[in-house]
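Just below is one structure, and these are the notes that go with it.
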Amino acid sequence: MIPWNHLDTAQIPNDGGELKFSQRGDEFSIKITGKRGELMNSRVFNSEKALSRLGCAHIKPHLDAHILVGGLGMGYTLAAALKAVNADSFVTVAELIPQVVEWNKGPLGNCAGNPLQDPRTKLHIGDVKELFASRAPSYDAILLDVDNGPKGLTHTDNNQIYSEDGLKDIYDTLHANGMLAIWSASPDYLFTVRLKKIGFRVDTREIQARPGKGSKHTIFLAKKL
Ligand SMILES: C[S@@+](CC[C@H](N)C(=O)[O-])C[C@H]1O[C@@H](n2cnc3c(N)ncnc32)[C@H](O)[C@@H]1O
């Protein structure tokens, strides 16, 4: 068994703890210290890609789109979003932790095919919430995978994103018929109810962690009508 090699540590803002970045052979892992567990593993990305595929399925290929991805992680969702839209579209990716961006420019780059180097990628280093503050319709799809579901795991500040006020901001930031897609490790009935209360039409899909196997993850698909 190849041992894990610790590569780097990053601070989560506002005393939120630490992210530990490790490598074992060609496998990478980002863990949150303490009992919060693994945030992302480079070998498990089927549902992360499905988040983009499903969240962008309504976008017609001849239309130029603007997609927002939060956060970067290992770049799988970003790469799949770039694949889902045409050559004149662009994808903004928001990443809270600057070191995660550095890891993607370095050892993680090859995992998802270096999506940060795509000229259609725009990088926002900071909290994805900052991009909802204008409440101006800006995006055709917002693809969120910043926690392991609609609860602040990376950071308790993320709870605001999933609150009624946070979801209203996201609703306003989407174009008409735009889609909010959220990755979750498990279903959450009360969250579905909250999304509907804001005015979204909600559908959920179960996607396996690896093609044809592994635990089932939930993708919330919330459409602005
Ligand atoms: C589970 S990983 C994302 C995995 C990603 N979908 C992929 O394909 O690799 C979560 C990422 O979101 C970032 N993040 C957490 N909270 C954030 C926030 N409020 N704004 C922007 N990025 C955030 C984390 O630092 C981490 O890089």
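Remember, it's 1-based here, ligands and their atoms both numbered in the order they're listed. No hydrogens, no waters, no symmetry mates; every other heavy atom, side chains included, goes into these values.
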Requested in this report: Return yes when atom NZ of Lys49 has more than 12 non-hydrogen atoms of other residues, nucleotides or ligands closer than 6.0 Å, and no otherwise.
Outcome: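 Atom NZ in Lys49 is not packed in, count stays at 12 or less.
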**Report entry** N-O pairing of Arg194 and Glu164 below 4.0 Å
**Finding:**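 Here Arg194 does not pair with Glu164 in a salt bridge, since their nearest N and O are not under 4.0 Å apart.
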Which of the numbered atoms in ligand 1 are below 4.0 angstrom from a heavy atom of [X]?
{"X": "Met74", "result": "7 (C), 9 (O)"}
{"X": "Ile97", "result": "25 (O)"}
{"X": "Gly71", "result": "12 (O), 22 (N)"}
{"X": "Val100", "result": "27 (O)"}
{"X": "Gly75", "result": "7 (C), 9 (O)"}
{"X": "Thr154", "result": "15 (C)"}
{"X": "Asp127", "result": "18 (C), 19 (N), 20 (N)"}

Nearest-contact summary for [atom] - protein heavy atom, Å:
{"atom": "atom 24 (C) of ligand 1", "answer": "Glu95 OE2, 3.5 Å"}
{"atom": "atom 10 (C) of ligand 1", "answer": "Asp145 O, 3.1 Å"}
{"atom": "atom 16 (N) of ligand 1", "answer": "Asn158 ND2, 3.0 Å"}
{"atom": "atom 21 (C) of ligand 1", "answer": "Leu96 N, 3.3 Å"}
{"atom": "atom 8 (O) of ligand 1", "answer": "Thr77 N, 2.9 Å"}
{"atom": "atom 15 (C) of ligand 1", "answer": "Val146 O, 3.3 Å"}

Under a 3.5 Å cutoff, is there a donor and acceptor pairing between the side chains of [X] and [Y]?
{"X": "Glu206", "Y": "His217", "answer": "no"}
{"X": "His66", "Y": "Ser89", "answer": "no"}
{"X": "Ser47", "Y": "Trp183", "answer": "yes"}
{"X": "Thr9", "Y": "Glu18", "answer": "no"}

Could you tell me if any non-hydrogen atom of [X] lies under 4.0 Å from any atom of ligand 1?
{"X": "Gly126", "value": "yes"}
{"X": "His155", "value": "no"}
{"X": "Gly70", "value": "no"}

Requested in this report: Go through Asp8 and Lys20 one step at a time and tell me if the salt bridge (Lys or Arg N to Asp or Glu O under 4.0 Å) criterion holds.
Outcome: CA-CA 6 Å; Asp8 200 8; Lys20 298 262 186 204; over 6 Å; no
Within the structure provided, determine whether [X] and [Y] are in side-chain contact (heavy-atom separation under 4.5 Å).
{"X": "Leu221", "Y": "Val202", "result": "no"}
{"X": "Asn14", "Y": "Asp157", "result": "yes"}
{"X": "Ile32", "Y": "Leu153", "result": "yes"}

Quick one: does ligand 1 sit under 4.0 Å from the side chain of [X], the backbone, both or neither, non-hydrogen atoms only?
{"X": "Met40", "result": "side chain"}
{"X": "Glu48", "result": "side chain"}
{"X": "Leu39", "result": "both"}
{"X": "Val128", "result": "both"}
{"X": "Leu72", "result": "backbone"}

Query raised in the report: Polar-atom distance check: Tyr76 versus ligand 1, any N or O pair below 3.5 Å?
Result: yes
Query raised in the report: Would you say ligand 1 has an N or O under 3.5 Å from any N or O of Lys129?
Result: no
Query raised in the report: Can you list the residues that meet the side chain to side chain donor-acceptor pair (under 3.5 Å) rule with Arg205, with sequence neighbours excluded?
Result: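 Checked Arg205 against side chain to side chain donor-acceptor pair (under 3.5 Å); matches are Asp203.
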Requested in this report: Work out which heavy atom in Thr77 is nearest to a heavy atom in Glu48; give both atom names and the distance.
Outcome: OG1-O, 2.9 Å
Requested in this report: Decide yes or no on side chain to side chain donor-acceptor pair (under 3.5 Å) for Glu95 and His124, but give the supporting numbers first.
Outcome: CA-CA 6 Å; Glu95 174 51 53; His124 173 84; over 6 Å; no
Query raised in the report: Taking it one step at a time, do Asp26 and Arg43 satisfy salt bridge (Lys or Arg N to Asp or Glu O under 4.0 Å)?
Result: CA-CA 9 Å; Asp26 61 0; Arg43 296 227 170 130; 2.7 Å; yes
